[in-house]
> 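Starting off with a structure, shown below.
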Amino acid sequence: MKVGASTVWEILKEAGIDPAPERNSSTWATFLRSQADALLACDFMETATLSGVRMYVLAVIEHSSRRIRILGATTRPSASWVAQAAKNLVMDLKDLGCRARFMIRDRDGKYPALFDTVLKDTGIEVVLSGIQMPRMNSITERWIQTCRRELLDRTLIWNQRHILHALREFEQFYNGHRPHQGITNARPLEPLPPPIDDPDTLARLNIRRHDRLGGILHEYRHAA
């Protein structure tokens, strides 16, 4: 029996949602929709440097805004490293006034008990996904696929310093520029721009491109 985290059944019951799949097959999806503003999710992503050193990246995403936070990258995700990442996250959320109530994570052995304790002490309940059920953490899984496709598969990583630099650039790009269909093509940290409905303006669009990471990422903006 696990300690420091709630079962999906308990979380659904507390949210007033029928947890029995034979009576309601969409209970988990209903929970995700109803609690989106209070939901965080995290996961580890693995990659390797040119020398073959394996790197572990820990990232957290907000369900409602799709804002991503890269908590760090390390060759050895020790219990102390993961716990410190949780403490850094808690401080960041507190500074921004984020009122998250739940953190979805899988049952990876890299998470120490202190990870859950740090979050619980600030009022964030850890929710464990089912065994070998990545779709229960689908938003994070989709971000990992996006990060691989748009960044890591197109980058030769030299070392830890290099991957952290690349990930920070991608984090800024993802949060501040890249539109997301899941939130009506908005950007996590920016409001939707006003629509362009003037025919003269449409006929004289002046778009400028700004490259990040040597051209791996492209940002497009109207010229001032």
Side-chain angles (χ1 to χ4, degrees), residues 2 4-5 8 28 32 39-63 65-90 92-93 100 102-119 124 126-176 178 180 182 188 212-217:
K2 63 187 184 317
V8 172
W28 182 245
L32 296 182
L39 277 174
L40 302 172
C42 65
D43 204 356
F44 278 95
M45 174 176 61
E46 296 183 22
T47 188
T49 67
L50 282 173
S51 61
V53 176
R54 187 160 297 279
M55 303 291 299
Y56 299 88
V57 178
L58 180 58
V60 170
I61 194 167
E62 297 178 13
H63 269 223
S65 69
R66 297 300 197 272
R67 176 179 180 173
I68 192 72
R69 288 179 172 85
I70 307 296
L71 300 189
T74 181
T75 58
R76 183 174 175 269
S78 63
S80 59
W81 185 91
V82 179
Q84 184 60 52
K87 293 176 183 177
N88 294 342
L89 171 65
V90 166
D92 185 30
L93 296 175
F102 304 104
M103 170 72 82
I104 301 173
R105 71 166 177 85
D106 59 23
R107 300 166 187 263
D108 195 325
K110 300 183 191 68
Y111 297 103
L114 186 56
F115 179 87
D116 295 356
T117 301
V118 169
L119 296 177
I124 301 176
V126 171
V127 183
L128 299 179
S129 61
I131 299 174
Q132 296 184 347
M133 295 179 67
R135 294 177 68 179
M136 292 187 71
N137 198 2
S138 59
I139 290 179
T140 312
E141 294 292 338
R142 282 196 295 271
W143 177 81
I144 290 175
Q145 292 175 11
T146 297
C147 185
R148 290 192 186 282
R149 183 176 61 253
E150 298 185 10
L151 177 68
L152 297 179
D153 290 349
R154 305 170 63 193
T155 307
L156 299 177
I157 301 297
W158 290 98
N159 50 33
Q160 182 181 23
R161 182 178 179 180
H162 183 206
I163 192 174
L164 282 172
H165 169 70
L167 287 169
R168 296 304 180 197
E169 287 284 321
F170 187 72
E171 179 181 8
Q172 294 175 21
F173 169 76
Y174 191 90
N175 290 336
R178 190 181 186 278
H180 300 275
R212 286 181 178 266
L213 296 174
I216 293 176
L217 304 174

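Counting begins at 1 with the first residue of the sequence.
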> Any chance you could measure Leu58, atom CG, to Arg105, atom CZ, to the nearest 0.5 Å?
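So the gap between those two atoms works out to 11.0 Å.
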> What pair of heavy atoms forms the shortest contact from Arg154 to Arg149, and how long is it?
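Heavy atoms only, the tightest pair is CD-O, 3.5 Å.
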> What I'd like to find out is whether the side chain of Gln160 reaches to under 4.5 Å of the side chain of Met55, using heavy atoms alone.
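Answer yes - side chains close enough.
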> Would you call Leu40 and Leu93 a side-chain contact if the rule is heavy atoms closer than 4.5 Å?
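A side-chain contact under 4.5 Å exists here.
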> Of all heavy-atom pairs between Ser129 and Arg107, which one has the smallest distance, and what is that distance?
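Heavy atoms only, the tightest pair is O-NE, 2.8 Å.
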> With a 4.5 Å limit on heavy-atom distance, are the side chains of Met45 and Cys147 in contact?
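A side-chain contact exists here, since the closest heavy-atom pair is under 4.5 Å.
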> Of all the heavy-atom pairs spanning Arg76 and Thr74, show the shortest one and how long it is.
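Heavy atoms only, the tightest pair is N-OG1, 3.1 Å.
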> So, does Glu150 use its side chain to make a donor-acceptor pair with the main chain of Leu217 at under 3.5 Å?
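Here the side-chain-to-backbone pair does not exist.
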> To the nearest 0.5 angstrom, please state how far the CG atom of Leu167 sits from the CD1 atom of Ile157.
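Nearest 0.5 Å value for the CG-CD1 distance: 7.0 Å.
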> Please report the shortest heavy-atom distance between Arg66 and Asn175, naming the atom on each side.
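Of all heavy-atom pairs spanning Arg66 and Asn175, the closest is O-OD1, 4.1 Å.
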> Determine, step by step, whether Leu151 and Leu213 satisfy the side-chain contact (heavy atoms from CB on, under 4.5 Å) criterion, reporting the C-alpha distance in whole Å, the side-chain angles of both residues, the deciding distance to 0.1 Å, and the verdict.
CA-CA 9 Å; Leu151 177 68; Leu213 296 174; 3.5 Å; yes
> For the backbone of Thr47 and the side chain of Arg148, can you confirm whether one donor and one acceptor N or O come within less than 3.5 Å of each other?
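Here the side-chain-to-backbone pair does not exist.
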> Using side-chain heavy atoms (C-beta onward) and a distance below 4.5 Å, is His162 in contact with Thr49?
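With C-beta onward as the side chain, the pair stays apart.
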> Angle class for the Tyr56/Phe44 ring planes (parallel below 30°, perpendicular above 60°, tilted otherwise)?
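Taking Phe44 first and then Tyr56, their aromatic rings stand perpendicular (interplane angle over 60°).
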> Got a second to check how far Asn137's CG is from Met103's CE, nearest 0.5 Å?
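Taking CG in Asn137 and CE in Met103, the distance rounds to 9.5 Å.
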> More than 12 foreign heavy atoms under 6.0 Å from CG of Leu156: is that the case here?
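Not more than 12 within 6.0 Å, no.
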> Count the heavy atoms of every other residue, nucleotide or ligand shown that sit under 6.0 Å from CZ of Arg161, and state whether that count exceeds 12.
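No.
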> Side chains of Ile216 and Glu169: does their closest heavy-atom pair fall under 4.5 Å?
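SC-SC contact between Ile216 and Glu169 ruled out.
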> Could you check whether any side-chain heavy atom of Val126 comes within less than 4.5 Å of a side-chain heavy atom of Ile124, counting everything from C-beta outward?
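Not in contact.
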> Kindly compute the distance separating CZ (Arg69) from CD1 (Ile61), expressed to the nearest 0.5 Å.
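The distance works out to 10.5 Å.
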> Which heavy-atom pair separates Thr146 from Tyr174 by the least distance, and what is that distance?
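Scanning both residues completely, I find the closest heavy atoms to be CG2-CE1, 4.2 Å.
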> Rounded to the nearest 0.5 Å, what separation is found between the CG atom of Asp43 and the CD1 atom of Ile144?
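Rounded to the nearest 0.5 Å, the CG-CD1 separation comes to 4.0 Å.
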> Return the CG to CG distance between Leu32 and Leu39, rounded to the nearest 0.5 Å.
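So the gap between those two atoms works out to 6.0 Å.
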> Give me the atom names and distance for the closest heavy-atom approach of Gly130 to Met136.
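Scanning both residues, the minimum pair turns out to be N-SD, 3.2 Å.
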